[in-house]
Amino acid sequence: MSTLKDRLTADMRSALKARDELTTSTLRMALAAVGNAEVAGKAKRDLTDDEVLAVLTKEAKKRREAATAFADAGRAEQAAKETAEGEVLDRYLPKQLPDAELAELVSGALAEGGFTGKNQMGPAMKAAQAAVAGRAEGGRVAAEVRRQLGL
């Protein structure tokens, strides 16, 4: 079992004992998503910390998108709940890179690979994502790659 999954389980138990409903329900949801990822495929397997982190990142993104959708629909209370759940998940995610550092990493990856044009967007994104190593959302990375490639 991964140490991140152990930490999620321990924190959920602590939140349960402290009667923190928001944290308890959010971590239960996250652990359910991890469990679903473990049984996806032909055989059940334990996920590595990186795979658990990928599941948590996906869940946090779902919360942000749901909060935006609820806010746009005028459902402020539900949007606040989704935002709060996202904040609970953010405790387990790596700190996001500031824009200046992201731009620096992307420009280094593009220069190293010699990427210059629109037709090289795919390989450029792959190189940039490897350089960033999960410390920034894919949308931010893609926007920076497009900006630096002049698209």
Side-chain angles (χ1 to χ4, degrees), residues 2-41 44-107 109-110 118-151:
S2 73
T3 56
L4 183 55
K5 184 177 175 188
D6 292 339
R7 186 172 146 216
L8 287 169
T9 304
D11 288 354
M12 187 203 51
R13 287 186 182 137
S14 298
L16 190 62
K17 289 177 185 176
R19 299 191 190 284
D20 182 350
E21 291 180 23
L22 173 70
T23 304
T24 302
S25 66
T26 303
L27 293 181
R28 271 190 180 141
M29 172 274 311
L31 285 167
V34 169
N36 287 340
E38 286 178 334
V39 297
K44 184 179 184 325
R45 64 188 182 87
D46 285 337
L47 299 180
T48 65
D49 273 351
D50 289 339
E51 292 169 326
V52 172
L53 198 58
V55 170
L56 291 178
T57 302
K58 186 176 175 184
E59 292 299 318
K61 182 178 179 186
K62 284 182 190 177
R63 299 298 161 273
R64 280 192 300 279
E65 290 173 352
T68 302
F70 282 127
D72 290 347
R75 297 183 60 190
E77 187 176 307
Q78 191 66 31
K81 180 181 183 279
E82 294 290 338
T83 302
E85 287 179 355
E87 289 169 359
V88 169
L89 292 174
D90 285 343
R91 297 179 205 160
Y92 301 93
L93 299 174
K95 188 174 180 288
Q96 294 288 302
L97 288 172
D99 289 338
E101 198 172 330
L102 175 63
E104 187 178 310
L105 285 172
V106 168
S107 86
L110 294 180
K118 177 181 181 180
N119 59 346
Q120 296 177 322
M121 180 67 179
M125 269 301 294
K126 189 172 184 178
Q129 287 285 30
V132 171
R135 295 177 291 164
E137 289 181 4
R140 285 181 60 210
V141 176
E144 185 60 31
V145 169
R146 276 192 215 96
R147 187 186 71 74
Q148 290 192 20
L149 288 177
L151 306 180

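Since we're looking at a predicted model, the values are computed, not measured. All values below were derived from every heavy atom in this structure, side-chain atoms included, with hydrogens, water molecules and symmetry-related copies excluded.
- Residue-environment remark: NZ (K95) stays at or below the threshold of 12 foreign heavy atoms within 6.0 Å.
- Remark: side-chain polar atoms of Q129 are not paired, donor with acceptor, to backbone N or O of G138 under 3.5 angstrom.
- Between L31 atom CG and T9 atom OG1 the span is 4.5 Å, to the nearest 0.5 Å.
- Distance OG1/T57 to OH/Y92: 14.0 Å, rounded to 0.5 Å.
- Each of E85, E77, Q78 was scored for a side-chain hydrogen bond (donor to acceptor under 3.5 Å, both in side chains) with K81, with one residue passing: E85.
- Of the N and O atoms on the side chains of D49 and T3, at least one donor lies less than 3.5 Å from an acceptor on the other residue.
- L56 places a side-chain heavy atom less than 4.5 Å from the side chain of L4.
- A donor-acceptor pair under 3.5 Å is absent between the side-chain atoms of R63 and the main chain of E87, judged by distance alone.
- The line from OG of S107 to CD of E144 is 8.0 Å long, rounded to the nearest 0.5 Å.
- For the residue pair A136 and R140, the shortest heavy atom distance occurs at CB-NH1, 4.0 Å.
- Side chain of S25 to main chain of L22: a donor-acceptor pair is present (N/O by atom type, distance under 3.5 Å, no hydrogens or angles).
- Side-chain atoms of D46 and E38, non-hydrogen and from C-beta on, do get closer than 4.5 Å to each other.
- A pairwise comparison of heavy atoms in V55 and A37 identifies CG2-CB, 3.8 Å as the closest pair.
- A79 and A71 make their closest contact through CB-N, 3.7 Å (heavy atoms, listed as atom of the first residue, atom of the second, distance).
- The CG atom of L16 sits 10.0 Å away from the CD atom of E21 when rounded to the nearest 0.5 Å.
- In this structure, the side chain of E59 does not engage the main chain of A30 through any donor-acceptor pair within 3.5 Å.
- Looking at R91 and V88, their side chains come closer than 4.5 Å, going by heavy atoms from C-beta outward.
- Between M29 and M12 the shortest side-chain heavy-atom distance does not fall below 4.5 Å.
- Every residue two or more places apart in sequence or in another chain that forms a side-chain contact (heavy atoms from CB on, under 4.5 Å) with A142 is listed here: M125, R146.
- T26 OG1 to E82 CD: the interatomic distance, rounded to the nearest 0.5 Å, is 9.0 Å.
- Between the side chain of E65 and the backbone N or O of K62 there is no donor-acceptor pair closer than 3.5 Å.
- Between L89 atom CG and K58 atom NZ the span is 13.5 Å, to the nearest 0.5 Å.
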